[in-house]
**Q** 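Can you keep this structure in mind? I'll have questions shortly.
Chain letters run A, B, ... following the sequence lines, proteins first, then strands; residues in each count from 1.
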Amino acid sequence: MHPAIQGLLTIVIGVGACVGYFYLSNQFLDKVLFPAKGPHAGRNINRANIIRPWLFLFPALFALCLYLAYPVFETLRMSVTDRDQDGAFVGLANYSQMLSEPKFWEAMRNNMMWLVVVPAASTAFGLLAAQLTDRIRWGNIAKSLIFMPMAISFVGAAVIWKLVYDARPPGTEQIGILNAIYVGLTGNDPQQWLTLPIWNNFFLMAVLIWIQTGFAMVILSAALRGIPEETVEAAIVDGANPFQIFFKIKVPQIMGTIVVVWTTITIVVLKVFDIVFAMTNGQWETQVLANYMYDKLFRANDWGVGSAAAIVIMLLVTPILVWNVYNARKEMR
Amino acid sequence: MDNIAGTKSSLTWAVHISVAVLVALWLFPTVGLLVSSFRTADQIATSGWWKSMFPSEQNLTLRTADPAIQVQTGGMFVIEGELFEEGSPAVISVWGTSSREIDAYTPGQTAELKEGTITVQADGAYRMESPTEMTGSRGQRVFVTAELPPEFTFENYSKVLFSGDNTDSLAKAFFNTLTVTIPATIIPIVIAAFAAYALAWMDFPGRALLVAFVVALLVVPLQLALIPLLKLHLGIGIGKGYLGVWLAHTGFGLPLAIYLLRNYMVGLPRDIIENARVDGATDFQIFVKIILPLSFPALASFAIFQFLWTWNDLLVALVFLIDSTGQTTVMTKQIVELLGTRGGNWEILATAAFVSISVPLVVFFAMQRYLVRGLLAGSVK
């Protein structure tokens, strides 16, 4: 069967099954199990209303538990077992093997650099863009254009930036803009930017910063507009200059939003995989955790160490997870 | 707000310029790819894309017409013609007849050949004269340095989209991506909408706990799910294929869907829902007839997110979809492969990448309003 027809059928069956499930299970509850008539009508309605939320929730809960909650525990289990020994319990052997690999420490070091640089730079550029574009007439067009990379896939972005970083042999005309500028300004030989250890990490980070700045800008710009005007007016009356207004009046008031943006980008950074996979594949000391894990799982077929790496990523995410849950609960009260 | 009485707008120009620089910086890489996708392989390899907008000076090797067309006038054998195709606005600055001296003559000068002479004008018109009959089967080579106007081609696109060549053709991967994307966008919306309604408007014990559970799952890295779920899929017979990738995307998209939709539904006016209850509507009716139509903006913003995410995804497709036959490859995977095997063929790479990002870009610019609204609902809290 042609996949397109298969896809169409899946939509029809999937959506039909979902709607059918909700409709029929509700009908069953109201008409058969606890009909709202007869001697126990009142009691039946109450009972039906106790059960109904779970009918609405069941498919979602089932999928969430199966696709996200269960894998966390299964990965934890696999990280302390060995696939070659038929899944025998090996304690922390996978972890100690992982910790003894230089590639893992390289990935950790790079990830830490990513964690510091990317959220900081994206938030800073986003804040700058938000503040500047709010003040001019063509600001909305400027915003859309800065926001645009959000729609581009990491793989597409990797191709775009590989062209920027392209290097041709010395003496020939450079087709990568970075080398063209570099050679034009300094007269040195062109550089293979992606193979320069340490620095190449920053060239990869530039790609993610380029993508994430738009996200930071959109959210921070909404927050900036939500600042009460009186506070800014009062500062102006008191003789504050534009920089003082921005750093001492506006930024402190949107600190909460800045933190949200920062943590959201932090999570993206921890999961970053496609950019490194497509541009260097972890060569030349650019390995990151997610790509290290992919290497272990699907190239080395070492599920134990791969799972251990996944657990490390999970541990790094956990503080943000706890903080988010804490905030959500505070808000619901 | 910054323009109220008493403030100077001396910084306005600085602001305009900084924004222009920022926009240029952000736009430049993408424009480079777009321009490159309309250039031939030679053009890409010999000059930077930023130079393609302007006329450029190039060294060309051209040939005059065969001696077969020579005519005899007044005791001389003559060949006349044009070096360039008709209508070409190219302008020759210097020319030569030997590869060692390509800049020996200026237009209008006459060069001595083995048999006879040749005169070349700036617009490429030439006249060869010889007292004896010219021999040989091919025309005389002429080396010219000429100013050529910008030139663009659609050839790359026709090659990438319609050639049917397995390594270069994206047409199949395009449809595969579409096949992955559409069900993976629609199904989670249906499931999440019901759950979000229950979490927003139905009273039951444990509701707050479930909301917290969804919030927690929002940040769980999907890397954790790869191996356990692949094992599960292989175990229950789904294997690698479309069904698996649809289910995986559904599962991974649900937390955001439920969270976004619940946040939106909570904000709907309580009166409407309570009036409907008093009038005897069941929860199912309230949901279908009131909540769903009112939640359209939230549904749209999640749909855009999920569409962009599934279209741009590489990891989930690599793990759950693409088997060893490669029949179900998606565009992102194919581009990564091109990067590996054809790292130097920028014309193919640029065109393929642009085909794959064009659909999300269209969706992005058409539905930007909903996207922004969704982002704000999803994170500013």
**Q** Side chain, backbone, both or neither: which part of A:M78 has an atom under 4.5 Å from a heavy atom of chain B?
**A**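 Side chain only.
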**Q** Contact part of B:L371 toward chain A, heavy-atom cut-off under 4.5 Å: side chain, backbone, both or neither?
**A**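 For B:L371, the contact with chain A is made by the side chain alone.
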**Q** Given a strict heavy-atom distance threshold of 4.5 Å, which part of A:I267 is in contact with chain B: side chain, backbone, both, or neither?
**A**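 Looking at A:I267, just its side chain touches chain B.
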**Q** Which bit of A:Y326 comes within less than 4.5 Å of chain B, counting heavy atoms only: side chain, backbone, both or neither?
**A**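 Neither part; nothing is under 4.5 Å.
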**Q** Given a strict heavy-atom distance threshold of 4.5 Å, which part of B:A257 is in contact with chain A: side chain, backbone, both, or neither?
**A**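 Interface part for B:A257: neither.
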**Q** Applying salt bridge (Lys or Arg N to Asp or Glu O under 4.0 Å), which residue pairs with at least one partner in residues 51-68 of chain A are found, sequence neighbours left out?
**A**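 Listed by first then second residue: A:D30-A:R52, A:R52-B:D283.
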**Q** Counting only heavy atoms closer than 4.5 Å, note whether B:F365 contacts chain A via side chain, backbone, both or neither.
**A**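 Contact with chain A is through the side chain of B:F365 alone.
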**Q** In terms of heavy-atom proximity below 4.5 Å to chain A, should B:A193 be classed as side chain, backbone, both, or neither?
**A**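 Neither; nothing under 4.5 Å.
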**Q** Strictly by salt bridge (Lys or Arg N to Asp or Glu O under 4.0 Å), give each pair with a member in residues 211-229 of chain B just once, sequence neighbours left out.
**A**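 Every candidate salt bridge (Lys or Arg N to Asp or Glu O under 4.0 Å) pair involving residues 211-229 of chain B fails, so no pair, neighbours aside, qualifies.
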**Q** Side chain, backbone, both or neither: which part of B:A208 has a heavy atom under 4.5 Å from chain A?
**A**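 When you check distances to chain A, atoms from both the backbone and side chain of B:A208 fall under 4.5 Å.
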**Q** Are the side chains of B:L22 and A:I146 in touch, meaning some heavy atoms are under 4.5 Å apart?
**A**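 Sidechains of A:I146 and B:L22: in contact.
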**Q** Name the region of B:L178, side chain, backbone, both or neither, that has any atom closer than 4.5 Å to a heavy atom of chain A.
**A**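 Contact with chain A is absent: no heavy atom of B:L178 under 4.5 Å.
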**Q** How are the rings of A:Y67 and B:F252 set to each other: parallel, tilted or perpendicular (split at 30° and 60°)?
**A**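 Taking B:F252 first and then A:Y67, their aromatic rings stand perpendicular (interplane angle over 60°).
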**Q** Give, as side chain, backbone, both or neither, the part of A:W210 having an atom under 4.5 angstrom from any heavy atom of chain B.
**A**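 Both parts, heavy atoms under 4.5 Å.
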**Q** Counting only non-hydrogen atoms closer than 4.5 Å, does B:Q223 touch chain A with its backbone (N, CA, C, O), its side chain (CB onward), both, or neither?
**A**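 Both the backbone and the side chain of B:Q223 come within 4.5 Å of chain A.
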**Q** Against chain A, label B:S36 side chain, backbone, both or neither, depending on which of its atoms sit under 4.5 Å from a heavy atom there.
**A**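 Just the side chain, heavy atoms under 4.5 Å.
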**Q** Under 4.5 Å from any heavy atom of chain A, what part of B:V19 do you find: side chain, backbone, both or neither?
**A**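 It is both, since atoms from each part get that close.
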**Q** Are A:W54 and A:F58 near enough that their ring centres are under 6.0 Å apart?
**A**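 That pair fails the under 6.0 Å test.
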**Q** For B:L229, is it the side chain, the backbone, both or neither that has a heavy atom under 4.5 Å from a heavy atom of chain A?
**A**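 For B:L229, side-chain heavy atoms alone lie under 4.5 Å from chain A.
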**Q** Side-chain contact test, heavy atoms from C-beta onward, threshold under 4.5 Å: evaluate it for B:L232 versus A:L66 and give yes or no.
**A**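 SC-SC contact between B:L232 and A:L66 confirmed.
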**Q** At a heavy-atom separation under 4.5 Å, does B:F284 approach chain A through its side chain, its backbone, both, or neither?
**A**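 Both backbone and side chain.
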**Q** Of all of B:V359, B:D313, B:V319, which one pairs up most often with chain A through heavy atoms under 4.5 Å apart?
**A**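 Going by pairs under 4.5 Å, I would pick B:V319.
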**Q** Given heavy-atom pairs under 4.5 angstrom as the criterion, report whether the side chain, backbone, both or neither of A:F298 touches chain B.
**A**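 Contact with chain B: side chain only.
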**Q** Quick check on B:P188 against chain A: is it the side chain, the backbone, both or neither that has a heavy atom closer than 4.5 Å?
**A**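 No part of it gets close to chain A.
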**Q** Side chains of B:I335 and B:S356, heavy atoms from C-beta outward: is any pair under 4.5 Å?
**A**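 They are in side-chain contact.
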**Q** What distance do A:I245 atom CD1 and A:Q131 atom CD have between them, rounded to the nearest 0.5 Å?
**A**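 It is 9.0 Å, given to the nearest 0.5 Å.
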**Q** Name the region of B:K231, side chain, backbone, both or neither, that has any atom closer than 4.5 Å to a heavy atom of chain A.
**A**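 The side chain, not the backbone.
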**Q** Tell me, for B:A353 versus chain A, whether the close heavy atoms (under 4.5 Å) come from the side chain, the backbone, both or neither.
**A**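 B:A353 touches chain A through side-chain heavy atoms alone.
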**Q** Return the option, out of A:I50, A:I177, A:V317, with the maximum number of heavy-atom pairs under 4.5 Å with chain B.
**A**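 When all of A:I50, A:I177, A:V317 are compared, A:I177 has the most.
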**Q** Parallel, tilted or perpendicular: which describes the rings of B:F194 and A:F22, with under 30° parallel and over 60° perpendicular?
**A**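 Correct class here is parallel.
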**Q** Give, as side chain, backbone, both or neither, the part of A:P59 having an atom under 4.5 angstrom from any heavy atom of chain B.
**A**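 Both backbone and side chain of A:P59 come within 4.5 Å of chain B.
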**Q** Could you tell me which portion of A:N26 (side chain, backbone, both or neither) has an atom closer than 4.5 angstrom to a non-hydrogen atom of chain B?
**A**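 The answer is the side chain of A:N26.
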**Q** Measure distances from A:V218 to the heavy atoms of chain B and classify the residue's part below 4.5 Å as side chain, backbone, both or neither.
**A**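 Both parts, backbone and side chain.
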